Chemist: 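Before I ask anything, let me first share the structure, which is written out below as structure tokens.
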Amino acid sequence: MAGALLLSATTVNLYGQEISSREKETEMGTVQHITKAEFLQKVWNYEAGSQVWKYEGTKPAIVDFFATWCGPCKALSPVLDELAREYGDKIVIYKVDVDQERGLAGAFGIRSVPTLLYIPADGEPSMSPGAPSKAQLKQIIDEQLLK
């Protein structure tokens with residue numbers, strides 16, 4: 001019985017590497033907290049020399065630049081969690097703690113939190129400060145990111 005539980009808790013990726021169910025869940029349907037190094041790999045490597053936007057992902061994304069002490073950020077967080085579950089693998093939602101990733105926040109000129117970076121799979125990203133409502137976020141996702 002324990003073997004059956006272990007098998008159901010793991011998945012194998014295309015390279016034959018075992019992925020825990022938690023890692024798989026992080027990829028789909030949940031908000032991912034990322035560091036600058038992960039941002040450079042998954043979103044945009046702005047340090048590569050070219051200042052031309054080149055999205056590293058394949059699915060539309062939202063990056064939430066937030067701070068743990070920020071009231072509006074705390075209010076926005078459960079909304080982003082809900083949207084991650086609702087949209088599943090159609091979009092990716094990342095969170096960047098501006099206090100922990102000051103260089104990354106500086107590179108994007110983040111002056112207030114929360115600030116959201118909206119990234120379509122193809123095309124140019126856009127940014128907006130503040131904490132939009134769930135209805136506003138759904139409209140942005142549906143009309144700008146998933147168009």
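These numbers come from a predicted model, not from an experiment.
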Chemist: How long is the straight-line distance from NZ of Lys138 back to OG of Ser133, given to the nearest 0.5 Å?
Modeler: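 Answer for the OG-NZ pair, Ser133 versus Lys138, is 11.0 Å.
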Chemist: Does any non-hydrogen side-chain atom of Gln41 lie less than 4.5 Å from one of Asn45?
Modeler: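 Side-chain contact under 4.5 Å: no.
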Chemist: For residues Gly103 and Tyr46, report the shortest heavy-atom separation together with the two atoms involved.
Modeler: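 The pair with the smallest heavy-atom distance is O-OH, 4.2 Å.
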Chemist: Given Leu104 and Val96, is the side chain to side chain contact (heavy atoms under 4.5 Å, CB included) satisfied, shown in steps?
Modeler: CA-CA 9 Å; Leu104 179 55; Val96 174; 3.6 Å; yes
Chemist: Can you find a pair of side-chain heavy atoms, one from Ile141 and one from Pro60, that are under 4.5 Å apart?
Modeler: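 The answer is no, as the side chains (C-beta and beyond) never meet within the 4.5 Å cut-off.
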Chemist: Report the distance from atom OG1 of Thr115 to atom CD1 of Ile110, rounding to the nearest 0.5 Å.
Modeler: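 So the OG1 of Thr115 and the CD1 of Ile110 are separated by 4.5 Å.
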Chemist: I'd like to know if Glu47 and Lys36 make a salt bridge, using a cut-off of under 4.0 Å between side-chain N and carboxylate O.
Modeler: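 Looking at Glu47 and Lys36, the cut-off is met.
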Chemist: Drop me the distance from Tyr118's OH to Leu145's CG, to the nearest 0.5 angstrom.
Modeler: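 Atom-to-atom, Tyr118:OH and Leu145:CG are 8.5 Å apart.
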Chemist: Minimum heavy-atom separation for Gln144 and Ser126, please, with both atom names.
Modeler: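 In this case the closest contact between Gln144 and Ser126 is OE1-OG, 4.1 Å.
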Chemist: May I have the step-by-step check of side chain to side chain contact (heavy atoms under 4.5 Å, CB included) for Asp64 and Leu76, ending in yes or no?
Modeler: CA-CA 9 Å; Asp64 173 22; Leu76 180 60; 4.1 Å; yes
Chemist: With heavy-atom distances below 4.5 Å as the criterion, would you say the side chains of Pro114 and Cys70 are in contact?
Modeler: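 The answer is yes, as the side chains (C-beta and beyond) meet within the 4.5 Å cut-off.
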Chemist: Evaluate Ile119 against Val92 for side chain to side chain contact (heavy atoms under 4.5 Å, CB included), listing each step before the verdict.
Modeler: CA-CA 10 Å; Ile119 308 166; Val92 180; over 6 Å; no
Chemist: What is the distance from atom CG of Leu117 to atom OG of Ser128, rounded to the nearest 0.5 Å?
Modeler: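 Going from the CG atom of Leu117 to the OG atom of Ser128 covers 9.5 Å.
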Chemist: Return yes if some donor-acceptor pair links the side-chain N/O of Lys147 with the main-chain N/O of Asp142 below 3.5 Å, else return no.
Modeler: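 No: the side chain of Lys147 does not pair with the backbone of Asp142.
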Chemist: Nearest 0.5 Å, what's the OG1-NZ distance between Thr58 and Lys42?
Modeler: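 Here the rounded value is 12.0 Å.
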Chemist: Tell me, with the steps shown, if Leu80 and Leu137 meet side chain to side chain contact (heavy atoms under 4.5 Å, CB included).
Modeler: CA-CA 9 Å; Leu80 293 174; Leu137 283 166; 4.1 Å; yes
Chemist: Is the closest basic N to carboxylate O distance between Glu86 and Lys134 below 4.0 Å?
Modeler: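 Counted as a salt bridge, because a side-chain N and a carboxylate O are separated by less than 4.0 Å.
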Chemist: I need the Thr35 OG1 to Tyr94 OH distance, nearest 0.5 Å.
Modeler: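 Thr35 atom OG1 to Tyr94 atom OH measures 11.5 Å (nearest 0.5 Å).
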Chemist: Taking side chain as C-beta onward, heavy atoms only, is Asp81 less than 4.5 Å from Leu83?
Modeler: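 No, too far: nothing below the 4.5 Å cut-off.
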Chemist: Taking the six-membered ring for Trp, are Trp53 and Trp44 parallel (under 30°), tilted (30 to 60°) or perpendicular (over 60°)?
Modeler: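 Rings of Trp53 and Trp44: tilted, as their planes differ by 30° to 60°.
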Chemist: Salt bridge or not between Glu56 and Lys54? Use side-chain N to carboxylate O under 4.0 Å.
Modeler: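 Salt bridge between Glu56 and Lys54, a charged N being under 4.0 Å from a carboxylate O: yes.
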Chemist: Is it true that, when you exclude Glu82 itself, more than 12 heavy atoms of the residues, nucleotides or ligands shown sit nearer than 6.0 Å to its CD?
Modeler: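 It does: Glu82 CD has more than 12 such atoms within range.
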Chemist: Give the minimum heavy-atom separation between Pro125 and Pro120, together with the two atoms involved.
Modeler: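 Minimum heavy-atom separation between Pro125 and Pro120: CA-CD, 4.0 Å.
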Chemist: With side chains defined as the heavy atoms from C-beta onward, is the minimum distance between Val98 and Phe108 less than 4.5 Å?
Modeler: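 No; the side chains remain at least 4.5 Å from each other.
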Chemist: Of the options Val113, Ile34, Thr68, which is the one that meets Asp97 in a side-chain contact (heavy atoms from CB on, under 4.5 Å)?
Modeler: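 Looking at Val113, Ile34, Thr68, the match for Asp97 under the side-chain contact (heavy atoms from CB on, under 4.5 Å) is Thr68.
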Chemist: Any chain of hydrophobic side-chain contacts (each under 4.5 Å) joining Val43 to Val52?
Modeler: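 Looking at the clustering, Val52 is in a separate group from Val43.
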Chemist: Under the criterion ring pair (Phe, Tyr, Trp, His ring centres under 6.0 Å), which of Phe65, Phe39, Phe66 is the partner of His33?
Modeler: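 For His33, the ring pair (Phe, Tyr, Trp, His ring centres under 6.0 Å) check succeeds only for Phe66.
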